Amino acid sequence: MTARPPVSGSLRNRLVLTLIGGAAVLTVLLFFTVRNYATQIAQQGQDNILGASAAAILDSASIRDGQIDVDIPYSAFSMLATPSDDCVFYAIYQDDVFLSGYKALVPERGASDRGGVYKTATFEGMEVRLVTVSRTLIGAEQRRQLHVVLAQTQDALSETLDQISRNAALLGVGFFSLAVLLSVWATSTTIGPLKRLADSVTRRGPQDLSPFAKPVPSEMVPLVSSLNSLMGRLDQSLGQSEDFIAEAAHRVRTPLATVRSYAEATLQRVDREENRNAVRSMIRAIDESSRAASQLLDHAMITFRADHLDRQTIDLGELVGELVTRLTPLAEMKDLELNLRAEKGVVCSGDPILIQNAVRNLIDNALKYSPSESSVDIVIAAEPRPHVCISDQGPGFPPDEVGKLAARFARGRNAEGTIGSGLGLTIAEDVATAHGGELTLSNLAGGGACVTLSF
Ligand SMILES: Nc1ncnc2c1ncn2[C@@H]1O[C@H](COP(=O)(O)OP(=O)(O)OP(=O)(O)O)[C@@H](O)[C@H]1O
Ligand SMILES: [Mg+2]
């Protein structure tokens, strides 16, 4: 059984979200940078025209007969014309004395012959850009300081800025969409080798514990090295377990067989009936132990192999036929007939050693629990799914116990006096489960047990 490890988020999602988050921050930065830069340039353009217009007014000023004379040229205002019909205000001051225009426009300090002072302010409830320029006029005997204040509303500029903002936003959306696509692509490319490694582990057969040899990115080398070393250790320990099972079977069965042959020999030599009975009990106990050891080891082997199922395509007729040939002498000793009826070409995918072991246990039961001079029928068919059905003419399963007999060490009432360990049906059921199939126990209408092992 494979246990799914606890999941802590997804690498792909984390990577995509980080990249998209980064792209979103960059997009916002890009939007504000483009907009600020464009605002500065547009503002600079308006300032230049305002400055030129104010300078034109200053240029038209002169001192005539001790009086300052300003003849505002038409071009000074015409150059300020905008598509949004922005309003223009002006004021002219001689030193600190108001001469003409809007008196509420006050000149800014700091303007000189060298340059004007620019400022954004509110005038008559409207936002305006304002410039103050100054010039020193020199007459016959006087010096006069002339200040010109020129203000213009910013409707055209706002419209230009709105347009720029819309374009910058479109640019941002385009950049962001491209970044999202690139993030998804970059993530798939990065995660790709990890996914390929996982696929190649999943595709492997249970017996394939060879190391991964395909090249992997350097960051994955520690992971693959650890996996390779784990599989190396697993391979070694699996080999050891198989050897251990074989060795243990040998070690337990061989001395028991020796003890049994000594007991048999002793039985030949003993004359007194009570001693003969004692030796017979001894032989029976040895048979019980031997059977139990044998079944326990088979069960251990089956548990081990079921976890590492070695699936092959098996012809069920051939496999069971071999078994029937091997068991026929045993059946004949009990005057029992083994009848095999197999449909041709019934195949299933599974471990032949496990399936043979399961069927052997079922035939073994039929031979053990049926009366002599009866027959055991073994039927192999493909429909509804590949199955082996073994029926006998014995007493059948005790009806009230039938549901529990496949449990470990469970033996029925009818098994009293018969050697057995209660593991045969457990083994058969474990094999069926490992192959995704099932074991069904039932009694025939005319008497006798019927066991079906299906795959
Ligand atoms: N063909 C059969 N006819 C009647 N009873 C059966 C048959 N097969 C099994 N049983 C009953 O089911 C019980 C469990 O069978 P199972 O094969 O698991 O154990 P066992 O035969 O007693 O011991 P062993 O592990 O040596 O096979 C048996 O003890 C017997 O009571
Ligand atoms: Mg049995």
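For ligands, and for the atoms within them, numbers begin at 1 and follow the listed sequence. No experiment lies behind these values; they were computed from the predicted model shown. Only heavy atoms go into these numbers, but all of them, side chains included; no hydrogens, no water, no symmetry mates.
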Geometric N/O contact Leu425 with ligand 1, under 3.5 angstrom: yes
Region of Asp392 that comes within reach of ligand 1 [heavy atoms, distance under 4.0 Å]: side chain
Ala406, portion touching ligand 1 at heavy-atom distance under 4.0 Å: neither
Carboxylate-amine/guanidinium contact Asp162 Arg35, below 4.0 Å: no
Ser421 and ligand 1 - part of the residue with a heavy-atom distance under 4.0 Å: both
Proximity to ligand 1 by part of Glu401, non-hydrogen separation under 4.0 Å: neither
Location of contacts on Asn414 toward ligand 1, heavy atoms closer than 4.0 Å: side chain
Electrostatic pair Lys119:Asp47 at N-O distance under 4.0 angstrom: no
Atom indices of ligand 1, in the order listed, that fall short of 4.0 Å to a heavy atom of Ala449: 1 (N), 2 (C), 3 (N)
Heavy-atom nearest option to atom 27 (O) of ligand 1, drawn from Arg291, His299, Glu429, Lys404: Arg291
Shortest protein contact, atom 14 (C) of ligand 1 (heavy atom only): Ala410 O, 3.4 Å
The Mg ion (ligand 2) to nearest N/O/S of Asn365 below 2.8 Å: yes
Proximity flag Gly422 to ligand 1, non-hydrogen atoms under 4.0 Å: yes
No-hydrogen, no-angle side-chain donor-acceptor test under 3.5 Å, Asn361 and Asn365: no
Location of contacts on Arg411 toward ligand 1, heavy atoms closer than 4.0 Å: both
